[in-house]
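Note on naming: letters A, B, ... go to the chains in the order of the sequence lines (proteins, then strands), and numbering restarts at 1 for each one.
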Protein chains: 2
Amino acid sequence: MRRTKKERQIQLQETIADNPFITDEELAEQFQVSVQTIRLDRMELSIPELRERIKHVAEERLTNEVRSLPIEEVIGDVVDIELDKSAISIFDVKREHVFTRNGIARGHHVFAQANSLAVAVINDELALTAKANIRFKRSVYEGERVVAKAKVIDIQAANDRTIVEVNSYVGQELVFQGEFTMYRSNMTTGDEG
Amino acid sequence: MRRTKKERQIQLQETIADNPFITDEELAEQFQVSVQTIRLDRMELSIPELRERIKHVAEERLTNEVRSLPIEEVIGDVVDIELDKSAISIFDVKREHVFTRNGIARGHHVFAQANSLAVAVINDELALTAKANIRFKRSVYEGERVVAKAKVIDIQAANDRTIVEVNSYVGQELVFQGEFTMYRSNMTTGDEG
DNA sequence: CCGATATTAGGACTAGGTACTAACAGTAGT
DNA sequence: ACTACTGTTAGTACCTAGTCCTAATATCGG
């Protein structure tokens, strides 16, 4: 034994984890044991064979590719809206919205809900977000329901600018705060919202 | 001949393109020709064998990997990164990212790219966006390529806070500006990023 | 030194191919 | 009608990276 079986198996796991493309033969060479030993190790650790590993990586990539942000024009379901006054939407945090590592919702989804509600509440053909000032108050987790409440604060017809305040809650708890400055209609500058 | 050779080969290319995981045998079944014919077709079209195709898909995913964050969790392709210093990502605006009405990119995509780059540049297990101050300078349209450049401005070890500035450009033109205040590691407050 | 555990060797078999040879069908040209 | 050519199919040997199984040997602890 170059080292103990346990030591080798631990290193084996790490080695394969950071390079799934390595063959049993290369592993045998690296650990100075026979190919059969490597295979026994893989069995004991339930590590699949090279081709299965590669396939798995490839499949993961293909399924993850389609997962950025949804296409619907509003993120979340608008449950109430009074144009140019206020609006409410709900958004259920699902697996595809969270970091796989820790189950915490990725901030841009929470932002997207608020931002898209700010757009929706504007009573105009075209509303674009020009500026935003946002604050994530606490993490949102998979399974939680985020309720976003938008309030139109100030309509300055003079410069086609409207300020919308959005507060998002999980239950009674404030999780997100944002102040969006929106341009409306025939403005030339500013991006969407 | 069920159809002409040419027709079959065109369809073969499409079939494999949208499902690289298909075997020659399955293809032969589908096109009602022999396995050998499928192989001749692949030769003529220089389409590699199943295993090579799968490997290629898997490699593409892995070569894009970033240390502190798995790649699929970043919006846009990270083309350069120096942890705790700077990072660059590119994001091609496609049909699914824009308002169908006017072809203008929805702001949260531009935000998501910047935000996720701000997360990626942080050299820590966990990075969460606490605050953000953003400004959409001009609209981004379908077909445009947005290059986001993140710069770590200030690491205040005392309160686990890092300020990251992200500027996004289309060509030479600044389209988005954001200042992200990130919490890192063992902080308890603040949401993801 | 004995027995258990660990390691190695070998053979038969598998999927999904490559590379090559050969046969045959249908069509076109002369 | 004979030949040439393209397209298709069949079959063989070989490859990689394994699985599954049996059997032999090595090594360590008590």
Side-chain angles (χ1 to χ4, degrees), chain A residues 1-67 100-101, chain B residues 1-67 70-73:
Chain A
M1 255 182 269
R2 290 105 203 111
R3 287 288 146 74
T4 68
K5 190 183 173 181
K6 257 192 185 168
E7 269 182 337
R8 186 189 59 235
Q9 290 194 343
I10 288 166
Q11 286 192 282
L12 187 81
Q13 271 185 313
E14 286 169 10
T15 305
I16 293 176
D18 87 34
N19 175 22
F21 295 85
I22 196 165
T23 63
D24 287 357
E25 211 171 299
E26 290 167 327
L27 287 163
E29 169 74 15
Q30 210 179 100
F31 291 100
Q32 283 297 299
V33 292
S34 70
V35 172
Q36 282 77 359
T37 300
I38 295 294
R39 287 178 181 162
L40 284 172
D41 285 349
R42 275 201 299 102
M43 297 269 174
E44 287 177 25
L45 301 167
S46 352
I47 297 171
E49 62 167 284
L50 170 65
R51 282 159 179 167
E52 288 308 310
R53 295 196 301 266
I54 291 180
K55 204 170 161 184
H56 186 247
V57 171
E59 272 166 353
E60 252 189 357
R61 194 203 130 187
L62 285 185
T63 54
N64 279 338
E65 216 159 56
V66 207
R67 112 172 176 186
T100 45
R101 229 178 328 107
Chain B
M1 256 182 270
R2 289 108 202 110
R3 288 286 146 73
T4 67
K5 190 182 172 182
K6 256 192 187 167
E7 269 182 338
R8 188 189 56 236
Q9 290 193 344
I10 288 166
Q11 285 193 282
L12 187 81
Q13 272 185 311
E14 285 169 10
T15 306
I16 292 177
D18 87 33
N19 174 22
F21 296 84
I22 196 165
T23 64
D24 286 358
E25 210 170 298
E26 290 167 327
L27 288 163
E29 170 73 16
Q30 207 178 104
F31 290 101
Q32 284 297 298
V33 291
S34 70
V35 172
Q36 282 77 1
T37 302
I38 296 294
R39 288 179 180 162
L40 284 171
D41 284 349
R42 275 201 298 101
M43 297 268 173
E44 287 177 25
L45 302 167
S46 350
I47 297 172
E49 63 165 284
L50 171 67
R51 284 158 179 168
E52 288 306 311
R53 295 196 301 265
I54 292 179
K55 204 169 159 183
H56 186 246
V57 172
E59 269 165 354
E60 258 187 354
R61 194 201 128 186
L62 243 84
T63 52
N64 293 339
E65 199 133 11
V66 186
R67 193 174 98 46
I71 191 62
E72 77 270 12
E73 310 230 328

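- Annotation: proximity of residues 35-46 of chain B to DNA chain D (heavy atom, distance under 4.0 Å) is found for Q36(B), T37(B), L40(B), numbered in ascending order.
- I22(A) has its CD1 atom 16 Å from the C1' atom of dT16(D), to the nearest Å.
- Remark: R8(B) is not in phosphate contact with dG7(D), judged by side-chain N or O atoms under 4.0 Å from OP1 or OP2.
- Checked against side-chain hydrogen bond (donor to acceptor under 3.5 Å, both in side chains), R39(B) has the following partners two or more places apart in sequence or in another chain: D24(B).
- Remark: the R51(B) side chain and the dA17(D) base include no donor-acceptor N/O pair separated by less than 3.5 Å.
- Taking atom CD of E49(B) as the reference point, atom C1' of dA19(C) lies 13 Å away to the nearest angstrom.
- Rounded to a whole Å, the CD atom of Q32(A) is 14 Å from the C1' atom of dT8(C).
- Taking every heavy atom of both residues into account, Q30(A) and T15(A) meet most closely at OE1-CG2, 3.7 Å.
- Atom NZ in K6(A) sits roughly 14 Å away from atom C1' in dA6(C) (whole-Å rounding).
- Among residues two or more places apart in sequence or in another chain, the side-chain contact (heavy atoms from CB on, under 4.5 Å) test is passed with E44(B) by K5(B), Q9(B).
- Shown here are the side-chain hydrogen bond (donor to acceptor under 3.5 Å, both in side chains) partners of T23(B), two or more places apart in sequence or in another chain: E26(B).
- Among residues two or more places apart in sequence or in another chain, the side-chain contact (heavy atoms from CB on, under 4.5 Å) test is passed with I10(A) by E14(A).
- Between the CD1 atom of I54(A) and the C1' atom of dT16(D) there is a distance of 12 Å, given to the nearest Å.
- For Q13(A), the CD atom counts as densely surrounded, since its 6.0 Å shell holds more than 12 non-hydrogen atoms of other residues, nucleotides or ligands.
- In this structure, R53(A) contributes its side chain and I22(A) its backbone to a donor-acceptor pair below 3.5 Å.
- Distance NZ (K55(A)) to P (dG17(C)): 11 Å, rounded to an integer number of Å.
- Here the shortest heavy-atom pairing between L50(B) and P20(B) reads CD1-O, 3.5 Å.
- Pairing each heavy atom of Q32(A) with each of E29(A), the nearest pair is NE2-O, 3.0 Å.
- What separates CD1 of I47(B) from C1' of dT18(C) is a distance of 16 Å, to the nearest Å.
- Across residues 9-16 of chain B, not one residue has a non-hydrogen atom less than 4.0 Å from an atom of DNA chain D.
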